[in-house]
There are 2 protein chains.
Amino acid sequence: MLDGFLYSHKLAAGSRRQITSFFVPGDIADLNTLYLPSVDYGITSLGSAVVAFVSHAALKEMLDRSPSLTRAFWRESLMQAAIWHEWVTNLGRRDALARIAHVLCELTLRLQLAGLAREQSFSMPCTQVDIADACGISSVHANRIIQELRQLHVVEWDSRRVRILDWLALARLGDFSGSYLQLKQPAPDRKQAPPSGQGVPEWI
Amino acid sequence: MLDGFLYSHKLAAGSRRQITSFFVPGDIADLNTLYLPSVDYGITSLGSAVVAFVSHAALKEMLDRSPSLTRAFWRESLMQAAIWHEWVTNLGRRDALARIAHVLCELTLRLQLAGLAREQSFSMPCTQVDIADACGISSVHANRIIQELRQLHVVEWDSRRVRILDWLALARLGDFSGSYLQLKQPAPDRKQAPPSGQGVPEWI
DNA sequence: CGTCTCCTTGAGTTAACTCAACGTACGTGG
DNA sequence: CCACGTACGTTGAGTTAACTCAAGGAGACG
């Protein structure tokens, strides 16, 4: 993924949509299909996006030649798994306010890592319906919770743009600790602002 | 994992436990730690279990020498990710009855694959509290839903043993399609019984 | 015989849902 | 330029699924 915003989604009971993850530039949206051929979810773009396609054959050939590249791609898929692991907890044991705050925290860090969230502000192409479907709540309820976040002066959120006003409060509301994102340096809840420099991962 | 029953869990808001997956014999419970060192969850055994430990150093050395083994282990970690992917949907967009039914369906198939659920019956060491924590509901509610499943004559569930009485009905209630488990032959919802023979995976 | 763990039940409460309507902005075509 | 449709956000009101608290049973075990 080179530019834009994607999400993957599954359908429950035929019509109830669950957004299962967001993808930002730098992510590989369907790395799992490399070895798990049967696909039971969809990927949709929010607005226009730029994506690159790599054939499985070419990728496999490349990986067969390079154990270190294999490690890097494998690790990438483990990262995706860690995010789902956290989402299970988010959806299972947090209330609506915490769920939305948590998703916002995750997106902030991931966009910052991609260099797309300078000064705690980033463009947010999803609608409130999308947020609701990501958090497993109704869109009406999502709307009310977002208004609550605004009234708490924790975020500004107008016309497809989000600005975090109080990172610490947002992380507290969302019960968020970025450890599952395996960021090396940041310790995202240690200081007021999340990291703005994007550390070069040392695992390569 | 050689024998028994494990689960992994995370804590939300300090005290609310979410069980994030079950592990049955044949699974590798913490394969992700091979390349994601920071661990933010726990693994617990339900009753006694037999597990084997393999040092990361030895495993890495082995994988460096064998691309096909690497693929197999990578694929194993992708399977875990696919299960979490499904759980996100389960927790986000299904009601309590469907969540429990879905988890039961998944366990049935996975145990059957491990040869531990002959005749749609298997030992189930978790308490109703554990089921509740896996499904993101309260234990009181879990109890009432389980009673409902019994009254519907879909499952028998007494003293740590589960027997599926009506697989088709259970799968329907749980909105379950086993496709995310990537089973080759079964098409688990095409016939009354889930597959009893465990096909040799062809991806190796 | 007491204690512990787990299951069960009742009753009141609450978070979140559904339905329905209305506002606003934006684009499009007459 | 205005009428219209559409998409999205917002609000109100009634409903429901699930929760919490609290108590009571059943079995296992020393």
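All of these numbers come straight from a predicted model, not from anything done at the bench. The chains referred to below are lettered A, B, ... by the order of the sequence lines, with proteins before strands, and numbering in each begins at 1.
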message: Just the rounded figure in Å: distance from P of C:dT5 to CG of B:Asp130.
response: 14 Å

message: Which nucleotide wins on minimum distance to the side chain of B:Gln128, given the candidates D:dA13, C:dT8, C:dA11?
response: C:dT8

field: Sole residue of B:Arg99, B:Arg93, B:Arg94 in salt bridge (charged side-chain N to carboxylate O under 4.0 Å, His left out) with B:Glu86
entry: B:Arg94

- prompt: In whole angstroms, how far is the C1' atom of D:dC19 from the NE2 atom of B:His141?
  reply: 9 Å

Separation of atom CZ in A:Arg99 from atom P in C:dA16, rounded to whole Å: 7 Å

message: Without decimals, in angstroms, what is the distance between B:Asp133 CG and C:dC7 C1'?
response: 15 Å

task: Please report the closest heavy-atom contact between A:Pro25 and A:Asp3, naming both atoms and the distance.
output: CG-CA, 3.7 Å

query: Base, sugar-phosphate, or nothing for B:Ser138, non-hydrogen atoms under 4.0 angstrom?
result: base

- prompt: Looking only at side chains, do A:Ser121 and A:Arg161 share a donor and an acceptor under 3.5 Å apart?
  reply: yes

query: So which one's nearest nucleotide on DNA chain C is more toward 5', A:Leu97 or A:Val140?
result: A:Leu97

- line: Separation of D:dG9 atom P from A:Ile145 atom CD1, nearest Å, is 16 Å

- request: Measure the spacing between CZ of A:Phe5 and CG of A:Leu116 and express it to the nearest 0.5 Å.
  value: 9.5 Å

message: Measure CD/A:Glu148 against C1'/D:dT11 and give the value in whole Å, please.
response: 16 Å

Between B:Thr33 and B:His56: side-chain donor-acceptor atoms closer than 3.5 Å: yes

task: Would you please indicate if the ring centroids of A:Tyr180 and A:His85 are separated by under 6.0 Å?
output: no

- prompt: How is B:Arg150 classified with respect to the nucleic acid when contacts are heavy atoms under 4.0 Å: base, sugar-phosphate, or nothing?
  reply: sugar-phosphate

query: Any side-chain donor-acceptor pair under 3.5 Å between B:Ser38 and A:Gln182?
result: yes

- prompt: Quick one: A:Met124 CE to D:dG9 C1', roughly how many Å, whole number?
  reply: 15 Å

query: Between A:Trp157 and A:Arg93, who's closer to the 5' end of DNA chain D by nearest nucleotide?
result: A:Trp157

- request: Give a yes or no on whether a donor-acceptor pair under 3.5 Å exists between the nucleobase atoms of D:dG9, that is its base, and the side chain of A:Arg144.
  value: no

query: B:Ala96 side chain: which of D:dT10, D:dT20, D:dA18 is closest?
result: D:dA18

Interatomic distance where CD1 belongs to A:Ile137 and P belongs to C:dA15 [whole Å]: 14 Å

query: Looking at D:dC19, C:dA16, C:dC6, which one has an atom nearest to any side-chain atom of B:Arg160?
result: C:dC6

Difference in axis direction between the ends of the helix from C:dC1-D:dG30 to C:dG30-D:dC1, five pairs, 10°: 30°

field: Electrostatic pair A:Arg172-A:Asp166, nearest N-O below 4.0 angstrom
entry: no

- request: Find which nucleotide of DNA chain D each of A:Asn143 and B:Asp95 is nearest to by heavy atoms, and output the residue with the more 5' nucleotide.
  value: A:Asn143

field: Below 4.0 Å: OP1/OP2 of C:dC7 and any side-chain N or O of B:Gln147
entry: no

